[in-house]
Protein chains: 2
Amino acid sequence: MFPQIAARNQPASNRTARNVTSPAPPLASGADVDSLAQRIALMGATMSYARDTEIFGENEPADYLYKVVKGTVRTYKVLKDGRRQIGGFYLPGDIFGLEFADKHTLSADTITDARVLVVKLSALAALAEREAAIGRELHALTARELRRVQERILLLVKSAQERVASFLLEMAERVATADAIELPMSRQDIAEYLGLTIETVSRTLSALESAAAIEVPTSRRIVLRNRPALNRMHG
Amino acid sequence: MFPQIAARNQPASNRTARNVTSPAPPLASGADVDSLAQRIALMGATMSYARDTEIFGENEPADYLYKVVKGTVRTYKVLKDGRRQIGGFYLPGDIFGLEFADKHTLSADTITDARVLVVKLSALAALAEREAAIGRELHALTARELRRVQERILLLVKSAQERVASFLLEMAERVATADAIELPMSRQDIAEYLGLTIETVSRTLSALESAAAIEVPTSRRIVLRNRPALNRMHG
DNA sequence: CGATGCGTTGATAACTTTCAAATTTAGTGG
DNA sequence: CCACTAAATTTGAAAGTTATCAACGCATCG
């Protein structure tokens with residue numbers, strides 16, 4: 001089930017130190033809710049995972065809620081034909097694993113080395129019984145996730161250029177320092193997120209660079225040079 | 001963006017089983033959770049709409065929850081470039097309008113003449129305060145909707161043939177008498193739901209007919225002749 | 001009837017994928 | 001730290017898929 005969790009559990013001193021201060025991660029994208037975040041910090045255990053490590057798999061029991069403290073996590077589903085569709089990328093501050101079903105419908109693994117806060121859902125549910133606010137915040141979390149997925153649907157019916165432009169703008173909101181984006185994920189990951197091939201993503205980025213909309217100094221670093229143009233593509 | 005709440009009925013077997021054991025209103029048969037359905041029936045007002053009538057528009061306050069009693073409703077969003085993306089089709093028993101935001105992110109209108117049960121969300125929320133079961137059922141509704149939208153994402157990254165095959169199988173579960181599907185929506189609606197053009201939908205249906213997977217006696221009536229083949233396409 | 005809207009079919013163009021190869025980057029062992 | 005190998009990314013050419021533009025059939029309705 002969660003072999004990694006037991007194996008990689010951090011010493012109590014580490015957890016305590018981190019939990020006492022409960023600092024907002026610098027890159028937090030606002031996908032959490034304050035008091036819920038605090039509850040999780042108090043109730044949860046922090047786990048460390050190496051790069052490319054599975055956190056949970058499809059069809060495993062969904063007994064925990066996860067919050068990224070450091071690093072990047074992706075959720076995905078492997079289709080029958082072997083292709084992989086990425087459900088989402090989760091950055092520090094983001095919560096994932098909340099699927100409202102007994103079993104996970106997606107798998108989750110780390111893209112980079114990562115620290116993740118883990119809370120038993122049953123504990124949260126018990127808390128929600130006593131404090132209505134917690135229940136409302138879980139609800140708000142779900143609502144946000146639903147809107148996020150619905151946005152993706154609008155994205156997936158558009159052209160490759162529109163998808164890539166939208167992706168860059170989304171990431172800019174989440175991880176950008178000024179106009180420079182440091183991407184934690186590979187071209188393959190981006191392609192699987194956008195429903196394109198890696199070649200099309202690469203070509204589209206090259207075209208955007210030729211059009212002076214962006215700069216790509218290294219493959220993992222992208223600088224937005226013309227946001228209005230990207231916004232127009234984003235539609 | 002896409003509001004479609006629990007657009008799906010339960011599998012036919014469940015519907016049948018539930019109807020046998022519970023005296024539900026004739027057309028509001030158990031497409032959702034029983035007690036919630038009953039509450040809505042008791043609290044709500046039934047509205048009648050002619051074909052092609054708007055029920056609510058994007059950006060209007062989302063103060064009500066809707067349940068289709070008779071007819072078919074679609075939700076949609078008009079993109080900046082004028083294209084229209086359909087969020088979902090709602091058949092008798094389906095609930096829509098639950099968007100977890102102050103304002104609707106989609107519009108809803110009728111595809112056929114329709115009767116719709118309307119309940120004030122504030123009334124439901126008040127009820128949920130006193131009865132935890134109601135809150136849980138609203139929650140379950142959301143969960144189902146989230147899974148439905150995620151399914152849709154998997155659909156939209158596939159080929160035209162896969163999308164059409166999946167659409168037919170989905171509709172077969174929802175409206176089929178045996179293997180004959182009576183479609184309430186136009187080719188244009190189907191195209192906008194699947195993110196394709198009307199010509200591609202039409203050609204794909206013709207191809208499926210040539211391949212003896214389906215029959216199309218009239219444009220609104222489709223008979224499934226080879227479900228295993230469709231299932232293989234559906235992936 | 002003749003107009004109108006919907007659906008189908010055809011021809012062509014545009015876009016994306018596939019297959020292949022070149023290039024750059026990253027990782028590893030010496 | 002360098003050299004070497006493997007992996008990731010980019011680029012090119014060709015094939016495949018879907019969209020666009022256009023024409024036609026068919027049914028409905030005034």
Side-chain angles (χ1 to χ4, degrees), chain A residues 50-52 72 74 79 81-86 111-113 155-168 181-211 214-222 233 235, chain B residues 51-52 72 74 79 81-86 111-112 155-168 181-211 214-222 233 235:
Chain A
R51 183 172 173 280
D52 270 318
T72 303
R74 75 184 155 207
L79 308 183
D81 63 10
R83 275 183 315 160
R84 190 175 59 164
Q85 174 64 32
I86 287 187
I111 286 182
T112 64
D113 292 349
L155 190 66
L156 290 177
V157 300
K158 299 199 225 159
S159 73
Q161 197 181 63
E162 291 171 304
R163 295 187 218 185
V164 171
S166 299
F167 172 76
L168 292 177
I181 306 172
E182 207 67 51
L183 295 175
M185 72 290 287
S186 69
R187 293 286 185 274
Q188 187 67 51
D189 288 327
I190 298 172
E192 288 170 3
Y193 180 67
L194 298 179
L196 298 169
T197 61
I198 180 176
E199 293 96 331
T200 298
V201 171
S202 183
R203 272 187 251 275
T204 304
L205 288 172
S206 298
L208 290 177
E209 191 169 25
S210 297
I214 63 173
E215 269 176 61
V216 190
T218 77
S219 73
R220 293 296 181 104
R221 184 181 185 77
I222 295 185
M233 295 172 195
Chain B
R51 184 171 174 281
D52 271 318
T72 303
R74 76 184 154 207
L79 308 183
D81 62 10
R83 276 184 314 161
R84 191 175 60 165
Q85 173 65 30
I86 287 186
I111 286 181
T112 64
L155 188 68
L156 289 178
V157 301
K158 299 200 225 160
S159 72
Q161 197 181 61
E162 290 172 304
R163 295 188 217 184
V164 172
S166 298
F167 172 76
L168 293 177
I181 306 172
E182 208 65 53
L183 295 175
M185 72 290 287
S186 69
R187 292 286 185 274
Q188 186 65 51
D189 288 328
I190 298 172
E192 288 170 4
Y193 180 66
L194 297 178
L196 298 169
T197 61
I198 180 176
E199 292 97 331
T200 298
V201 171
S202 183
R203 272 187 251 274
T204 304
L205 287 171
S206 299
L208 289 176
E209 191 168 25
S210 297
I214 64 173
E215 269 176 60
V216 189
T218 76
S219 71
R220 292 297 181 104
R221 185 178 184 80
I222 297 186
M233 294 172 196

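A, B, ... follow the sequence lines: proteins, then strands. Residue 1 opens every chain.
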Whole angstroms only, please: what is the [atom1]-[atom2] distance between [X] and [N]?
X	N	atom1	atom2	value
A/Ile198	D/dT10	CD1	P	8 Å
A/Lys158	C/dA14	NZ	C1'	19 Å
A/Asp52	D/dA7	CG	P	13 Å
A/Leu208	D/dT10	CG	P	12 Å
B/Arg187	C/dG5	CZ	C1'	14 Å
A/Leu156	C/dC15	CG	C1'	17 Å
B/Arg221	C/dG7	CZ	P	17 Å
A/Leu194	C/dT17	CG	P	10 Å

**Asked** What's the shortest heavy-atom distance between B/Glu209 and B/Val216, and which atoms?
**Response** OE2-N, 3.0 Å
**Message:** Could you check whether any side-chain N or O of B/Arg83 sits under 3.5 Å from a backbone N or O of A/Lys158, counting only pairs where one atom can act as donor and the other as acceptor?
**Reply:** no
**Request:** Determine yes or no for a side-chain-to-main-chain donor-acceptor pair under 3.5 angstrom, with B/Glu215 supplying the side chain and B/Ile222 the backbone.
**Result:** no
Reckon [X] touches a base, only the sugar-phosphate, or nothing at all at heavy-atom distances under 4.0 Å?
X	value
A/Ser206	sugar-phosphate
A/Ser202	base
A/Leu205	nothing
B/Arg163	nothing

**Fill in**
DNA chain C nearest-nucleotide lookup for A/Gln161 and A/Ser219: closer to the 5′ end is A/Gln161
**Item:** Closest nucleotide among D/dT10, C/dG7, D/dT18 to the B/Thr200 side chain
**Value:** D/dT18
**Message:** Is there, by distance only and without an angle test, a donor paired with an acceptor across the side chain of B/Glu199 and the base of D/dC21 below 3.5 Å?
**Reply:** yes
Give a yes/no on whether any side-chain N or O of [X] is located under 4.0 angstrom from OP1 or OP2 of [N].
X	N	value
A/Arg220	D/dT9	yes
A/Ser159	C/dC15	no
A/Arg203	D/dT11	no

**Message:** Would you say that B/Asp189 contacts B/Leu183 through its side chain, given a criterion of any heavy-atom pair below 4.5 Å between the two side chains?
**Reply:** no
**Message:** Counting only heavy atoms from other residues, nucleotides and ligands, does the tally under 6.0 Å from CZ of B/Arg51 exceed 12?
**Reply:** no
